[in-house]
Structure formats: C-alpha cells, structure tokens
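Data first, discussion second: the structure below is written as structure tokens.
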Amino acid sequence: AELMPIVISGDLPVSIALEAKFMDLAMHKKYREAAKLIPLIDEFLELRGADEFFLRHLFIVGMLGGEKDYMRRIFLKIYMPNLFFDRAEKYMMKTVAGVPDKVRKAVLQDRAVVEN
C-alpha cells in the first residue's frame with residue numbers, strides 16, 4: 001500500500017513500477033488487467049533472468065487473465081530454456097498454454113525449436 005503512491009508518482013524506474021502494478025492487480029484478483037501488463041513487463045524487464053517465483057506468478061496470472069496466446073509465444077523463449085523449471089512443470093505449462101506436442105528443448109543451443 002505504501003509503494004503505490006510512489007509508483008503512481010513516476011519516481012520509480014519503469015520496470016519496477018510495472019512489476020509493482022502487476023503484483024498489486026494480481027493481489028486484488030484483477031487478473032485480466034494484470035495480464036495486459038505482461039507484454040510491457042516483457043519489454044522492460046529481462047524475463048530470461050527473472051527468478052522462477054516471479055515467472056510462475058506471471059504465467060498463472062497470464063493464463064487466468066486470458067493471455068493464453070501471448071503466454072504460448074513467450075513459453076518457448078523464456079520458460080523452456082529456464083533451468084529452474086523441471087520437466088514436469090514445463091510439461092504442465094506447455095499443456096495449459098496449448099503449445100504443440102512437437103516442441104523440444106535444444107539443450108546444446110540453449111533455445112527451443114519446433115520439430116517438423
């Protein structure tokens with residue numbers, strides 16, 4: 001509650017303000033509004049380097065907020081190469097987001113590819 005006036009004033013860096021606003025909306029169960037901030041968060045934060053707790057929260061709120069298409073797109077870029085998520089968790093996320101079954105992790109290249 002004490003942080004929101006600072007966020008509104010614009011005194012914080014954009015990335016921190018977006019994360020604070022996202023968490024505040026999610027805390028108040030305004031998932032659709034929070035999910036609309038995910039593309040901005042993706043633009044201003046380095047999500048590949050974000051901790052797994054924030055990424056889990058981001059994924060759940062994105063799905064609850066109706067951003068399934070966006071979450072499907074960033075799944076391959078952010079969640080697949082992340083070493084903090086085990087195979088079961090990645091499979092669950094992949095299934096919930098509707099990522100095709102023919103997606104595998106290219107371990108040596110550290111990126112996700114779609115098999116033909």
Side-chain angles (χ1 to χ4, degrees):
E2 296 172 14
L3 181 62
M4 288 317 292
I6 299 169
V7 170
I8 293 168
S9 73
D11 292 337
L12 291 174
V14 174
S15 59
I16 294 172
L18 282 171
E19 187 176 345
K21 183 68 175 167
F22 172 80
M23 297 300 271
D24 185 61
L25 289 168
M27 179 180 69
H28 290 96
K29 298 182 180 182
K30 296 180 179 179
Y31 302 122
R32 190 167 300 281
E33 290 175 56
K36 296 291 181 197
L37 295 176
I38 293 173
L40 287 172
I41 292 170
D42 187 22
E43 182 180 336
F44 285 98
L45 280 173
E46 179 55 48
L47 288 181
R48 285 186 137 211
D51 70 67
E52 68 271 21
F53 301 106
F54 180 69
L55 289 175
R56 282 185 189 102
H57 194 75
L58 193 81
F59 186 84
I60 292 167
V61 171
M63 296 306 293
L64 290 172
E67 291 294 325
K68 185 176 183 175
D69 290 337
Y70 192 79
M71 298 315 295
R72 184 182 310 121
R73 286 194 302 273
I74 69 170
F75 174 82
L76 295 173
K77 176 174 87 171
I78 294 167
Y79 293 90
M80 279 298 285
N82 192 309
L83 300 176
F84 291 109
F85 295 106
D86 62 24
R87 289 178 54 172
E89 196 168 15
K90 288 178 184 178
Y91 180 78
M92 186 273 307
M93 289 176 165
K94 184 177 103 164
T95 303
V96 170
V99 176
D101 283 335
K102 292 187 176 187
V103 174
R104 66 174 175 83
K105 182 177 178 192
V107 177
L108 296 175
Q109 292 88 7
D110 196 351
R111 62 186 173 89
V113 294
V114 178
E115 296 178 340
N116 291 333

- Task: Work out which heavy atom in V61 is nearest to a heavy atom in A34; give both atom names and the distance.
- Result: CG1-CB, 3.7 Å
- Identify the heavy atoms of A35 and G62 that sit nearest to each other, and give their distance. CB-CA, 4.1 Å
- Item | Smallest separation among heavy atoms of R48 and P81, with atom names | NH2-CG, 3.3 Å
- In Å, rounded to the nearest 0.5 Å, how long is the span from CD1 of I38 to CG of L18? 11.5 Å
- Hey, is the main chain of M80 close enough, under 3.5 Å, to the side chain of K90 for a donor-acceptor pair? yes
- Item | Shortest non-hydrogen contact between A97 and M63, atoms and distance | CA-CE, 3.9 Å
- Mark yes or no for whether Y79, through its side chain, and M71, through its backbone, hold a donor-acceptor pair below 3.5 Å. no
- Query: Cationic tip of R72 within the cone over F75's six-membered ring, i.e. under 6.0 Å and within 45° of the normal?
  - Reply: no
- Item | Test side chain to side chain donor-acceptor pair (under 3.5 Å) applied to Y31 - qualifying residues, sequence neighbours left out | none
- Query: With a 4.5 Å limit on heavy-atom distance, are the side chains of D42 and Y70 in contact?
  - Reply: yes
- Straight-line distance of K30 NZ to K21 NZ, nearest 0.5 Å: 7.0 Å
- Message: Working to the nearest 0.5 angstrom, can you tell me the gap between I60 CD1 and M93 CE?
- Response: 7.0 Å
- Heavy atoms, side chains only, cut-off 4.5 Å: are M23 and F54 in contact? yes
- Hey, are the side chains of L47 and L58 touching, using non-hydrogen atoms and a 4.5 Å cut-off? yes
- Message: In this structure, would F85 and Y91 fall into the same cluster of hydrophobic residues linked by side-chain contacts under 4.5 Å?
- Response: no
- Do L40 and V14 belong together in a cluster built from hydrophobic side chains that touch within less than 4.5 Å? yes
- Query: Under a 4.5 Å side-chain heavy-atom rule over Ile, Leu, Val, Met, Phe, Trp and Tyr, are V99 and L64 clustered together?
  - Reply: yes
- Query: Distance-only, no hydrogens or angles: does the R32 side chain make a donor-acceptor pair with backbone N or O of G66 under 3.5 Å?
  - Reply: no
- Task: Show your reasoning for whether side-chain contact (heavy atoms from CB on, under 4.5 Å) applies to D24 and M27.
- Result: CA-CA 5 Å; D24 185 61; M27 179 180 69; 3.6 Å; yes
- Message: If you compare all heavy atoms of L25 against all heavy atoms of E33, which two are closest, and at what distance to 0.1 Å?
- Response: CD2-OE1, 3.6 Å
- Query: Are any of the side-chain heavy atoms of D86 and E89 separated by less than 4.5 Å?
  - Reply: yes
- Task: State yes or no: do F84 and I74 share one hydrophobic cluster built from I, L, V, M, F, W and Y residues joined by side-chain heavy-atom distances below 4.5 Å, directly or via other members?
- Result: no
